Amino acid sequence: MAGTDSETAILAEGVTKSFGDVKALRGIDLAVRRGTVLGVLGPNGAGKTTAVRILTTLLRPDGGRARVDGHDVVREAAAVRRSIGLAGQSAAIQEELTGRENLEIIGRLYHLTWPQARARATELLEQFDLVDAADRAAKGFSGGMQRRLDLAASLVGNPAVLFLDEPTTGLDPRSRLSMWDVIRSLVAQGTTLLLTTQYLDEADELADEIVVIDRGLVIAAGSSEELKNRVGGDVLEFTVADQHQVAAALGAIAPLGEGEPHVEADTGRISIGVGSGGSEALVSGVRALDAAGVAARGLTLRRPSLDDVFLALTGHAAEETPEPAGRGRKRGRAPDGKASS
Amino acid sequence: MTAATALSTLHLDEPPLAQRARWAVSDTLTITRRNLMVWMRVPAYIAFTVIQPVMFVLMFRYVFGGAIPVQVHGGYVNFLMPGIIGQTAAFATFGTAIALATELRKGVIDRLRSMPMARSAVLAGRLVADTARMLVTILIVIGVGYAVGFRFQNGVAGAIGMVALATVFGLAICCIAAYTGLAIKDEESVQAFGMIWLFPITFLSSAFVPIKTMPGWLQAFANNQPVTYVIDTMRALALGGPIQANLLKSIACIAAILLIFAPLAVRAYKRAS
Ligand SMILES: Nc1ncnc2c1ncn2[C@@H]1O[C@H](COP(=O)(O)OP(=O)(O)OP(=O)(O)O)[C@@H](O)[C@H]1O
Ligand SMILES: [Mg+2]
């Protein structure tokens, strides 16, 4: 029953979706090889959740087609559902019930017998380090524990393909690291994973391949290394404390760069890709700034981060939302609560 | 890893129809069980569903009852109880609407819809659990009624008929509530909307006072609306008296509500996001 290419676990071609006037997806292509991790990276409102909801059969695309584990997400939705696990953007657990009960009920809904469902729940509670909390109501769990329980619930059916929508958003740094460990161990067991995130370091850390989406379009795809090369190699960075000197500084360093320099207005930090110029670029940078009479602090040359990639690709930083932020943060629902189709 | 081995069967092809039918039933029972577990874990839910109608019984029996003239054998408490029970059934559906809206917001419905379970089970399980909860509440309210002087006047069959009608009526209202919960989505709006329509249709009916004590323009509404048909039928079942006309009207109204709102609720569930 595999699709055109049994090595491809997730395939999307030209997928579009609009909500009224909002074009959430404007033609997305994705391909994820079996056993690999795709990081879908994009700012608020980029269309990450919409893409996940289409791939997990929750939403019908307006156009294009998509296959998951060889099955068409529209025509063979039931088969897709037998292959996938989903942990959405908020923890979808029943807070009044205990961790164990949550997992047992999911197991029953996967048509396990009660003893099988109990055994599976116990296995997962151990795997996700929830044994101590297993028999307490999930209401009292910390955010990190609730996320882990939610992730465990998405794995009850042993899915071949797993979708995690912003698995670490809202977690404190320590819970985030422990979530990363859990995700890494899943991947080590061969699960194909599609993960969305707004955190560049998270995609860098967990994903084999990354696609960057912005306003419903894939604007770049490749390994984290390839994307970093797109910035134009190393990045020269410094801070100009005096607002009035920013223009002079930009003029001085522009000839050194391979791309457009970026200025962070409130801090006066300036960065520019300098290709493989290396330490020569650093030296020329110092000279040029000196000649222009600019007082620059903290001049450094560093490997590009995915933040730089985002800047180079979109002209705006990942965390700056270009559109007015007039929508509910949590589940990507329209602020007026209008019904969608 | 016994559980995991059993799971390998999940990834096979579409199961046969008979198997799917059996799963639809077992999935519905699983969801029912889950919903009843949640209900029993949260004292506030129990309080909301049980204490409120009990307070109504006591308040109308002792505070307003003396001022309300009725020609019913056994006095006002006998007139009141079928009305309170009808209202209890209708109000129990607040829980249905709010629970579905909450599950939608928390992504529980997304999770369930992404799983290979029966698509009908979430709504069916919700309706079964909420109907069971409603029945328990009705029986408690009848018990309280007995403690304050209520007596069935029309035999056991009449009493059972009254409870059955109230339950079926409540189930129909549950379908409306399920639809509003899934369509409106925001829990507070869902609750406010419930107030807006459930209070008028239950109070502007024969539930608490004889309609002929109302002003004429209100009588026109109160005499010709489903809650009055249902409560008059329940009263006839509980206390005796002519029944046929109201029973037929009740059945017609309940059937119409089910035919309209059950499909709407199913559609809202399928499209929920
Ligand atoms: N059900 C809906 N009804 C109307 N508009 C929607 C709906 N879901 C998403 N949108 C809109 O589609 C666009 C993409 O939303 P989506 O939730 O996919 O973004 P996202 O990348 O997941 O963002 P976030 O990081 O905030 O979760 C947004 O402009 C959003 O307002
Ligand atoms: Mg999202």
Side-chain angles (χ1 to χ4, degrees), chain A residues 1 19 53 56-59 69 76 78-97 101-102 105-113 115-124 137 150 153-154 156-160 163 165 330-333 337-341, chain B residues 1-15 19-20 22-23 26-31 33-35 37-42 45 101-119 121-122 125 182-186 189-190 267-268 270-273:
Chain A
M1 279 290 294
F19 299 102
R53 289 172 56 81
T56 53
T57 78
L58 298 176
L59 207 59
D69 204 24
E76 302 166 296
V80 170
R81 285 182 211 120
R82 283 194 292 275
S83 300
I84 60 170
L86 165 67
Q89 205 164 334
S90 52
I93 52 179
Q94 202 69 49
E95 293 186 344
E96 296 82 2
L97 304 183
E101 287 164 343
N102 267 287
I105 282 165
I106 299 281
R108 287 292 291 157
L109 294 173
Y110 273 101
H111 309 121
L112 300 180
T113 64
Q116 286 168 342
R118 283 198 198 97
R120 185 77 180 126
T122 305
E123 262 169 40
L124 287 165
D150 189 50
S154 73
V156 170
N158 258 347
F163 294 85
D165 194 3
K330 254 310 162 199
R331 285 193 60 244
R333 190 173 302 148
K338 199 179 55 172
S340 66
S341 54
Chain B
M1 290 286 279
T2 51
T5 332
L7 278 161
S8 57
T9 55
L10 284 175
H11 302 297
L12 296 179
D13 295 345
E14 196 72 8
Q19 176 74 300
R20 291 218 304 273
R22 242 177 298 135
W23 281 347
S26 83
D27 290 352
T28 300
L29 292 178
T30 305
I31 297 285
R33 178 187 168 118
R34 179 197 70 159
N35 293 345
M37 279 163 79
V38 170
W39 181 51
M40 285 184 294
R41 289 296 156 76
V42 185
Y45 289 179
T102 308
E103 288 181 354
L104 205 52
R105 175 178 56 79
K106 290 202 299 190
V108 174
I109 289 190
D110 270 3
R111 145 109 0 105
L112 297 175
R113 284 172 67 223
S114 77
M115 287 170 42
M117 58 178 284
R119 303 226 101 186
V122 175
L182 291 170
I184 299 176
K185 297 172 184 176
D186 171 67
S189 313
V190 166
R267 202 180 64 149
K270 283 192 180 149
R271 295 182 167 190
S273 64

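Every chain is numbered from 1 and lettered A, B, ... according to where its sequence line falls, protein lines coming before strand lines. Since this is a predicted model, take the numbers as computed values, not measurements.
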Check whether any side-chain heavy atom of A:I105 sits under 4.5 Å from a side-chain heavy atom of B:I31, and report yes or no. no
For the atom pair NE2 (A:H111) and CZ (B:R22), what is the distance rounded to the nearest 0.5 Å? 10.5 Å
Given that the side chain runs from C-beta out, which part of B:R119 has a heavy atom under 4.5 Å from chain A: side chain, backbone, both or neither? side chain
Determine whether A:Q94 and B:E103 make a side-chain contact, defined as any pair of heavy atoms from C-beta on separated by less than 4.5 Å. yes
Relative to chain B, which segment of A:A87 carries a heavy atom at a distance below 4.5 Å: side chain, backbone, both, or neither? both
Any side-chain heavy-atom pair from A:L86 and B:M115 closer than 4.5 angstrom? no
Scanning both residues in full, the closest heavy-atom pair of A:I93 with B:K106 reads O-NZ, 3.6 Å
Looking at B:T30 and A:L109, would you say the former's side chain and the latter's main chain have a donor-acceptor pair under 3.5 Å? no
If every non-hydrogen atom of B:G107 is compared with every non-hydrogen atom of A:S90, which pair is closest and at what distance? N-OG, 4.3 Å
Could you tell me the separation between the CZ atom of A:R108 and the CG atom of B:D27, rounded to the nearest 0.5 Å? 8.5 Å
Checking A:D150 against chain B: side chain, backbone, both or neither under 4.5 Å from a heavy atom? both
B:V42 portion near chain A, given a 4.5 angstrom heavy-atom threshold: side chain
Whether B:R111 side chain and A:G88 backbone form a donor-acceptor pair below 3.5 Å: no
Let me confirm one number: the CG-CZ distance from A:L59 to B:R271, rounded to the nearest 0.5 Å. 11.5 Å
After noting the C-alpha distance and the side-chain angles of B:R41 and A:E101, does the key distance pass the salt bridge (charged side-chain N to carboxylate O under 4.0 Å, His left out) rule? CA-CA 12 Å; B:R41 289 296 156 76; A:E101 287 164 343; 2.7 Å; yes
So, the part of A:T113 with a heavy atom under 4.5 Å from chain B: the answer is neither
For the student: nearest non-hydrogen atoms of A:R82 and B:P116, plus distance: CG-CB, 3.4 Å
Using a cut-off of under 4.5 Å for heavy-atom pairs, which of A:L97, A:T57, A:V80 has the most such pairs with chain B? A:L97
Write down the atom of A:L58, the atom of B:S114, and the distance for their closest heavy-atom approach. CD2-N, 3.9 Å
Proximal component of B:R267, with respect to chain A [non-hydrogen, under 4.5 Å]: neither
When the 4.5 angstrom heavy-atom criterion is applied to B:L182 and chain A, the contacting part is neither
With the side chain counted from C-beta on, respond yes when B:R113 and A:T56 share a heavy-atom pair under 4.5 Å apart, and no when they do not. no
Which atoms of A:E95 are under 4.5 Å from chain B, going by heavy atoms: the side chain, the backbone, both sets, or neither? both
